[in-house]
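What follows is a set of notes on a single structure, which appears directly below.
Please read all numbers here as calculations on a predicted model, not as lab measurements.
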Amino acid sequence: MPHPAFRPEEHGFAFINAWPLNLEQTAELRQTLSRSAQTAARDVRASIGGFDISGMVQRVADMWADANLPTHYGMCGGMAFAAADYFRAGTPLPRGKDWSDLPLDDSPRSRALRDYLWQRQVESFVTNALQLLAWMVMLHMPLPFAGPGWLLERTKAQWRTLKAKIDAGEPWPICLIGSSRSPFDNHQVLAIGYDETSPDTSVISLYDMNSPGRAQTITLDMRGCELIAFETSPSPARGQLRGFFVEQYTPQPPPILPAA
């Protein structure tokens with residue numbers, strides 16, 4: 001089955017995804033989430049036949065953001081986007097030496113790499129937060145047409161889209177949505193291959209920056225009324241995987257970093 005040439009031990013970052021955020025970065029995440037909430041409300045209203053629950057969605061989204069703003073946060077989207085950028089460009093990735101070798105502010109090179117990852121993190125959030133919020137609302141809203149089954153049907157469609165990307169030789173960022181009520185517990189990874197065992201069962205291979213150095217997998221079973229998934233790198237905070245979507249991603253040329 002299709003597996004592009006992306007190898008996490010070569011094309012993914014060696015360091016783990018755990019970053020301290022300053023006050024400006026925390027505020028930027030909060031503002032991005034709040035701006036996305038009203039658009040998410042419109043998306044949800046369209047998807048459920050025009051019922052206007054926009055006020056409820058806005059209140060829920062604001063409550064989630066206010067209650068869960070992190071002081072430490074992963075740059076999973078930035079790292080996924082950056083790894084895809086470098087892979088497409090055919091440029092060697094500044095991987096770092098090991099899990100603990102985070103680029104911080106101790107040299108011009110480290111600072112430039114961190115700034116680039118943060119820029120790509122914000123871009124990943126801006127372009128995908130509204131879909132994340134809309135799906136989370138439909139997962140958690142106490143409505144008869146919502147819930148895990150709603151996410152499953154849309155995940156099936158997203159799975160077809162993802163296969164087309166990988167069949168074209170393109171590793172692609174996806175967003176994993178779990179049972180948590182915090183948007184910040186959900187996760188972005190880079191899908192790098194798949195094996196399809198039947199029309200409704202398959203295995204996705206990933207570069208997961210929370211477990212760097214080798215490919216991780218998610219085994220999907222979409223035969224029932226909700227998604228059943230088995231992950232080699234699960235997240236207790238995110239909870240059971242309920243769905244995923246193919247992210248909006250626009251490649252960018254990687255920056256030229258200072259020598260030291």
**OP:** Please step through side-chain contact (heavy atoms from CB on, under 4.5 Å) for the pair Gln188 and Leu176, ending with a clear verdict.
**Re:** CA-CA 6 Å; Gln188 299 174 80; Leu176 307 179; over 6 Å; no
Original post:
What distance do Ser233 atom OG and Asn210 atom CG have between them, rounded to the nearest 0.5 Å?
Top reply: 6.0 Å
Would you indicate whether the side-chain heavy atoms of [Y] and [X] approach each other to under 4.5 Å?
{"X": "Trp99", "Y": "Pro212", "value": "yes"}
{"X": "His187", "Y": "Asp208", "value": "yes"}
{"X": "Arg109", "Y": "Arg114", "value": "no"}
{"X": "Glu231", "Y": "Ile218", "value": "yes"}
{"X": "Ile177", "Y": "Leu241", "value": "no"}

For the student: nearest non-hydrogen atoms of [X] and [Y], plus distance:
{"X": "Leu220", "Y": "Ile204", "answer": "CD1-CD1, 3.6 Å"}
{"X": "Trp135", "Y": "Thr155", "answer": "CZ3-OG1, 3.7 Å"}
{"X": "Pro183", "Y": "Arg181", "answer": "CD-O, 3.7 Å"}
{"X": "Val246", "Y": "Gln158", "answer": "N-OE1, 2.7 Å"}
{"X": "Leu227", "Y": "Gly243", "answer": "CD2-N, 3.8 Å"}
{"X": "Gly96", "Y": "Ala14", "answer": "O-CB, 3.5 Å"}

**OP:** Report the C-alpha separation of Trp150 and Phe145 in whole Å, then their side-chain angles, then the decisive distance to 0.1 Å, and conclude whether the ring-ring contact (aromatic ring centres under 6.0 Å, His included) test is met.
**Re:** CA-CA 7 Å; Trp150 189 96; Phe145 39 75; 9.4 Å; no
Original post:
Any cation-pi pair here, Arg120 with Trp118, using under 6.0 Å and within 45°?
Top reply: no
Co-membership, hydrophobic cluster, residues [X] and [Y], 4.5 Å side-chain:
{"X": "Leu257", "Y": "Leu104", "result": "yes"}
{"X": "Tyr86", "Y": "Tyr207", "result": "yes"}
{"X": "Phe6", "Y": "Val203", "result": "no"}

Original post:
Passes side-chain contact (heavy atoms from CB on, under 4.5 Å), Ile192 versus Ile166? Steps please.
Top reply: CA-CA 7 Å; Ile192 60 175; Ile166 294 175; over 6 Å; no
Original post:
Taking NZ, NE, NH1 and NH2 as the nitrogens, is one of them in Lys165 or Glu247 under 4.0 Å from a carboxylate oxygen of the other?
Top reply: no
**OP:** Please step through side-chain contact (heavy atoms from CB on, under 4.5 Å) for the pair Glu196 and Thr201, ending with a clear verdict.
**Re:** CA-CA 6 Å; Glu196 192 168 39; Thr201 59; over 6 Å; no
Original post:
Are Glu123 and Gln248 close enough, and set up right, to give a side-chain hydrogen bond (donor to acceptor under 3.5 Å, both in side chains), and what steps lead you there?
Top reply: CA-CA 10 Å; Glu123 289 165 354; Gln248 297 182 53; over 6 Å; no
**OP:** State which residues pass salt bridge (charged side-chain N to carboxylate O under 4.0 Å, His left out) with Asp101; sequence neighbours excluded, sorted by chain then number.
**Re:** Lys97
Original post:
Can the ring centres of Tyr249 and Trp172 be said to be less than 6.0 Å apart?
Top reply: yes
**OP:** Go through Met79 and Leu190 one step at a time and tell me if the side-chain contact (heavy atoms from CB on, under 4.5 Å) criterion holds.
**Re:** CA-CA 9 Å; Met79 294 174 73; Leu190 190 66; over 6 Å; no
Original post:
How are the rings of Trp159 and Tyr194 set relative to one another: parallel (under 30°), tilted (30 to 60°) or perpendicular (over 60°)?
Top reply: perpendicular
Original post:
So, Thr232 versus Gln216: side-chain donor-acceptor pair below 3.5 Å or not?
Top reply: yes
Original post:
How about Asp98 and Ser100: does a side-chain donor come under 3.5 Å of a side-chain acceptor?
Top reply: yes
**OP:** Could you name each residue pair satisfying salt bridge (charged side-chain N to carboxylate O under 4.0 Å, His left out) that touches residues 210-221, not counting sequence neighbours?
**Re:** Asp221-Arg223
**OP:** Mind running salt bridge (charged side-chain N to carboxylate O under 4.0 Å, His left out) on Arg95 and Glu9 for me, showing each step along the way?
**Re:** CA-CA 9 Å; Arg95 300 189 68 243; Glu9 60 270 31; over 6 Å; no
